[in-house]
K.L.:
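Handing you a structure now.
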Amino acid sequence: MAKVPPVVVFGVVVGVFVAGVVVRGVVGALLLGVLAVGVGVLLAATWRVLAPAQRFGRVLVLGLVVGIAVSVL
């Protein structure tokens, strides 16, 4: 992933998020679920090196994405 430009990753994340919110329903929730799984995997992989404040912020983002995924159902 280090070889992928950050702008591309940001664009894909924003695109999947917007698509999930706009599409709504089961498909939108699945798109947001895929995004939440990606956030969770990255959080698990970097947990040891994160400061407590960074952990809190990332867990908060994960919770928000899951909450939004549930709300679009």
K.L.:
Check each of V14, V13, V7 against F10 using the side chain to side chain contact (heavy atoms under 4.5 Å, CB included) test, and report the only one that passes.
P.N.:
V14
K.L.:
Applying the 4.5 Å side-chain criterion to the ILVMFWY set and letting contacts propagate, would L50 and L62 be lumped into a single cluster?
P.N.:
yes
K.L.:
With sequence neighbours excluded, tell me which residues meet side chain to side chain contact (heavy atoms under 4.5 Å, CB included) with V72.
P.N.:
R24, A29, L32, I68
K.L.:
Please determine whether residues F56 and V61 belong to a single hydrophobic cluster, defined as Ile, Leu, Val, Met, Phe, Trp and Tyr linked transitively by side-chain heavy-atom distances below 4.5 Å.
P.N.:
no
K.L.:
Of all heavy-atom pairs between R58 and L43, which one has the smallest distance, and what is that distance?
P.N.:
CB-CD1, 3.6 Å
K.L.:
Among the clusters formed by ILVMFWY side chains lying less than 4.5 Å apart, do V12 and L31 turn up in the same one?
P.N.:
yes
K.L.:
Test V37 against every option in V34, V39, V41 by the side chain to side chain contact (heavy atoms under 4.5 Å, CB included) rule and name the one that passes.
P.N.:
V41
